[in-house]
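To start, the structure itself, in structure tokens.
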There are 2 protein chains.
Amino acid sequence: MGDVFKALADPTRRAILDELQERTGQTLFELCTRLITKHGLTSSRQAVSQHLDVLEAAGLVRTRREGRYKFHDLDTSPLRTITDRWRL
Amino acid sequence: MGDVFKALADPTRRAILDELQERTGQTLFELCTRLITKHGLTSSRQAVSQHLDVLEAAGLVRTRREGRYKFHDLDTSPLRTITDRWRL
DNA sequence: TTGTCATGCAAGTGGGTACTTGCGTATCGT
DNA sequence: ACGATACGCAAGTACCCACTTGCATGACAA
């Protein structure tokens, strides 16, 4: 599962994880606005959407769909692969 | 220091960290041969050298020079930035 | 239904990066 | 000194990846 490391390689994706940790269950637009206002990022909607796909493929983000909304939840358990690998 | 995440993004660099954890203080040629024989990698000397530069810039590898030999030691302390960031 | 909102899909583009290639430098043994 | 060893530097290449662009789909409100 090298996907976890690839997912963490991008600063925008790390900011997304930070945001979801502070407030889980955000939609795509919520994340976009908060990334701009609170993290100083200028990512477009499509860019954030693709980042979320990468994070979900890595198992770091889980999604649940309700109507036309899609909520995103943080899952830090894949990070255990890092701590286990080099004994932290 | 996003350099730590970038350094971990490459599978060859992660294998180098594994090797240095198992046997610290290896030279460039030692690493090359053991990466090929034990990890099934086919990286050239220059490739491994450049990977070591990246790892050293990230603070994950420290070097000490003795004559014409350069020994490489593992330092996992920068990985604390990951565990501290998302509370593991 | 009509319009709007929230999201998804896919091809194209630009910049970054891993790797090669070739030469150069310093150290050690003989 | 001479050759061999261990490593460094720098330009070129090919590939990957983040981002854009444009259109499409599904859900809710009026």
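Just so it is clear: chains get the letters A, B, ... in the order the sequence lines come, proteins before strands, and each one is counted from 1.
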Output the single nucleotide from [options] whose closest atom is nearest the side chain of [X].
{"X": "Arg65(B)", "options": "dC7(D), dT20(C), dC19(D)", "result": "dC7(D)"}
{"X": "Arg45(B)", "options": "dA18(C), dG8(D), dG8(C)", "result": "dG8(D)"}
{"X": "Gln46(B)", "options": "dA27(D), dC9(D), dC9(C)", "result": "dC9(D)"}
{"X": "Lys6(A)", "options": "dT7(C), dC17(D), dG22(D)", "result": "dC17(D)"}
{"X": "Ser49(A)", "options": "dC19(D), dG8(C), dT5(D)", "result": "dG8(C)"}

Residue-phosphate contact under 4.0 Å: [X] side-chain N/O, [N] OP1/OP2:
{"X": "Lys70(B)", "N": "dG8(D)", "value": "yes"}
{"X": "Thr27(A)", "N": "dA6(C)", "value": "no"}
{"X": "Arg13(B)", "N": "dA18(C)", "value": "yes"}
{"X": "His51(B)", "N": "dC19(C)", "value": "yes"}

Taking for each residue the nucleotide of DNA chain D bearing the nearest heavy atom, is the 5' side occupied by Arg68(A) or by Thr42(A)? Thr42(A)
Using a 4.0 Å heavy-atom cut-off, does Ser43(B) contact any base of the nucleic acid, only the sugar-phosphate backbone, or nothing at all? nothing
The residue, Asp53(A) or Tyr69(A), whose nearest nucleotide of DNA chain C is more 5′ is Tyr69(A)
